[in-house]
Amino acid sequence: MNNLEIFSNKADNYKRYRPPYSDEAINFLFDNSILDPTDTVADIGSGTGLFASQIIGRVQSIYGVEPNEQMRNAAQNAFINEPKYIPVNGTAENTQLSSESVDAVSAAQAFHWFDPIRFRNECKRILKPNGPVILANSAKTACRFR
């Protein structure tokens with residue numbers, strides 16, 4: 001079983017049982033100008049869209065980059081009436097996004113699955129100059145790297 005398959009048939013449980021990220025962490029991103037209402041964000045390893053659901057009303061648009069079809073479909077269904085959310089069949093190392101196409105990259109709960117060097121290179125490629133990479137490693141914390 002590969003890394004993509006281990007999440008198959010788990011989308012319903014993720015939607016049902018994953019806790020949301022703290023309001024404090026989300027507000028921190030906006031209060032400190034890490035994210036801005038005009039931003040286009042690439043949410044890498046977006047899963048069912050939990051992180052995206054908490055910022056979508058506060059940014060211009062979000063690419064939900066997710067390699068697992070069932071997870072990606074769950075997010076697409078959750079955002080069916082939300083034109084700001086664009087699902088993308090891609091990985092952290094190959095997002096399928098254009099060069100310098102996003103203002104920020106986020107990875108919430110998925111970073112440990114990524115090849116860190118290839119992910120860093122992909123972030124450099126898709127980010128506009130000086131765009132942040134935001135890693136949220138639990139429901140209570142968030143950090144930023146440039």
Side-chain angles (χ1 to χ4, degrees), residues 3-4 7-8 10-116 118-146:
N3 285 348
L4 295 181
F7 292 102
S8 293
K10 293 184 176 146
D12 287 338
N13 284 339
Y14 268 67
K15 286 183 67 77
R16 190 173 298 130
Y17 299 115
R18 272 259 161 125
Y21 296 90
S22 71
D23 290 339
E24 180 180 75
I26 300 299
N27 289 334
F28 175 86
L29 297 172
F30 292 93
D31 294 346
N32 291 281
S33 300
I34 297 165
L35 289 177
D36 184 271
T38 63
D39 283 349
T40 294
V41 178
D43 187 24
I44 312 297
S46 59
T48 61
L50 179 62
F51 184 76
S53 72
Q54 292 186 256
I55 65 168
I56 198 158
R58 298 174 74 174
V59 297
Q60 184 70 33
S61 59
I62 300 175
Y63 289 104
V65 179
E66 173 57 49
N68 182 277
E69 182 178 12
Q70 291 178 356
M71 292 286 200
R72 191 174 57 255
N73 287 343
Q76 188 170 354
N77 289 336
F79 295 112
I80 195 132
N81 294 316
E82 180 53 76
K84 289 180 170 188
Y85 187 83
I86 303 114
V88 178
N89 181 7
T91 66
E93 302 82 7
N94 185 10
T95 63
Q96 307 298 320
L97 301 177
S98 299
S99 295
E100 295 188 11
S101 61
V102 298
D103 301 292
V105 169
S106 63
Q109 298 280 349
F111 181 73
H112 62 282
W113 293 105
F114 304 168
D115 176 304
R118 291 178 58 214
F119 173 62
R120 182 187 70 190
N121 292 338
E122 185 68 351
C123 289
K124 287 180 178 182
R125 187 186 71 76
I126 66 174
L127 275 167
K128 293 176 184 175
N130 299 313
V133 175
I134 302 156
L135 304 178
N137 62 1
S138 77
K140 295 183 179 182
T141 62
C143 59
R144 169 192 69 143
F145 299 96
R146 287 204 189 263

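Since the model is a prediction, treat every value here as computed from it, not as a measurement. Residues take their numbers from the sequence shown, with the count starting at 1.
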**Student:** Which residues pass the ring pair (Phe, Tyr, Trp, His ring centres under 6.0 Å) test with Y63, sequence neighbours left out?
**Tutor:** none

**Student:** State, with a plain yes or no, whether a side-chain heavy atom of F30 is found less than 4.5 Å away from one of V59.
**Tutor:** yes

**Student:** Please identify each residue that fulfils side-chain contact (heavy atoms from CB on, under 4.5 Å) with N89, with sequence neighbours left out.
**Tutor:** R72

**Student:** If every non-hydrogen atom of G47 is compared with every non-hydrogen atom of A75, which pair is closest and at what distance?
**Tutor:**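 Shortest heavy-atom separation between G47 and A75 comes out as O-CB, 3.5 Å.
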
**Student:** Taking side chain to side chain donor-acceptor pair (under 3.5 Å) as the test, write out the residues that go with S61, two or more places apart.
**Tutor:** T40

**Student:** Residues two or more places apart in sequence or in another chain: which of them pass side-chain contact (heavy atoms from CB on, under 4.5 Å) with N121?
**Tutor:** I117

**Student:** Please identify each residue that fulfils side-chain contact (heavy atoms from CB on, under 4.5 Å) with K124, with sequence neighbours left out.
**Tutor:**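 Listed in chain order: R120.
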
**Student:** Closest heavy-atom contact between L50 and S53?
**Tutor:**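 That closest heavy-atom pairing would be O-OG, 2.6 Å.
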
**Student:** Which value, rounded to the nearest 0.5 Å, describes the distance between N68 atom CG and T48 atom OG1?
**Tutor:**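 Nearest 0.5 Å value for the CG-OG1 distance: 10.5 Å.
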
**Student:** Of the non-hydrogen atoms in P67 and T91, which two are nearest, and what is the gap between them?
**Tutor:** CB-CG2, 3.9 Å

**Student:** Suppose we screen for side chain to side chain donor-acceptor pair (under 3.5 Å). Which residues come up paired with N94, at least two apart in sequence or across chains?
**Tutor:** Q96

**Student:** Test I86 against I62 for side chain to side chain contact (heavy atoms under 4.5 Å, CB included), laying out the working first.
**Tutor:** CA-CA 6 Å; I86 303 114; I62 300 175; over 6 Å; no

**Student:** In Å, rounded to the nearest 0.5 Å, how long is the span from CZ of F119 to CG of L135?
**Tutor:**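 F119 atom CZ to L135 atom CG measures 6.0 Å (nearest 0.5 Å).
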
**Student:** Are V88 and T95 packed together at the side-chain level, in the sense that at least one heavy-atom pair is separated by less than 4.5 angstrom?
**Tutor:**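 Of all side-chain heavy-atom pairs linking T95 with V88, none is under 4.5 Å.
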
**Student:** Tell me, please, which residues at least two apart from R125 pass side chain to side chain donor-acceptor pair (under 3.5 Å).
**Tutor:**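 Partners of R125 under the side chain to side chain donor-acceptor pair (under 3.5 Å) test: S99, E122.
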
**Student:** If every non-hydrogen atom of G45 is compared with every non-hydrogen atom of A110, which pair is closest and at what distance?
**Tutor:** O-CB, 3.8 Å

**Student:** Answer yes or no: is there a side-chain heavy-atom contact under 4.5 Å between V105 and I126?
**Tutor:** yes

**Student:** What residues form a side chain to side chain donor-acceptor pair (under 3.5 Å) with S98, not counting sequence neighbours?
**Tutor:** none

**Student:** Which pair of non-hydrogen atoms, one from A52 and one from D43, has the smallest distance, and what is that distance?
**Tutor:**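 Here A52 and D43 meet closest at N-OD2, 3.8 Å.
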
**Student:** Write down the atom of S106, the atom of V41, and the distance for their closest heavy-atom approach.
**Tutor:**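 Reported closest heavy-atom pair: OG-CG1, 3.8 Å.
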
**Student:** CD of E66 to CD of Q76: how many Å apart, nearest 0.5 Å?
**Tutor:** 12.0 Å

**Student:** So which pairs with a foot in residues 88-111 pass salt bridge (charged side-chain N to carboxylate O under 4.0 Å, His left out), sequence neighbours left out?
**Tutor:**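 Passing the test, one end in residues 88-111: D103-K128.
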
**Student:** Kindly state each residue pair satisfying salt bridge (charged side-chain N to carboxylate O under 4.0 Å, His left out) with at least one member in residues 76-91, sequence neighbours excluded.
**Tutor:** none

**Student:** A side-chain contact here means heavy atoms from C-beta on lying under 4.5 Å apart; do F111 and I44 qualify?
**Tutor:** no

**Student:** I'd like to check the ring pair (Phe, Tyr, Trp, His ring centres under 6.0 Å) partners of F79; sequence neighbours left out, ordered by chain and number.
**Tutor:**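 F79 satisfies ring pair (Phe, Tyr, Trp, His ring centres under 6.0 Å) with Y85 only.
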
**Student:** Identify the residue among N27, D36, D39 that makes a side-chain hydrogen bond (donor to acceptor under 3.5 Å, both in side chains) with R58.
**Tutor:** N27

**Student:** Check for a donor-acceptor pair, side chain of S22 on one end and backbone N or O of A25 on the other, with a separation under 3.5 Å.
**Tutor:**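 Side chain of S22 to backbone of A25, a donor-acceptor pair under 3.5 Å: yes, one is there.
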
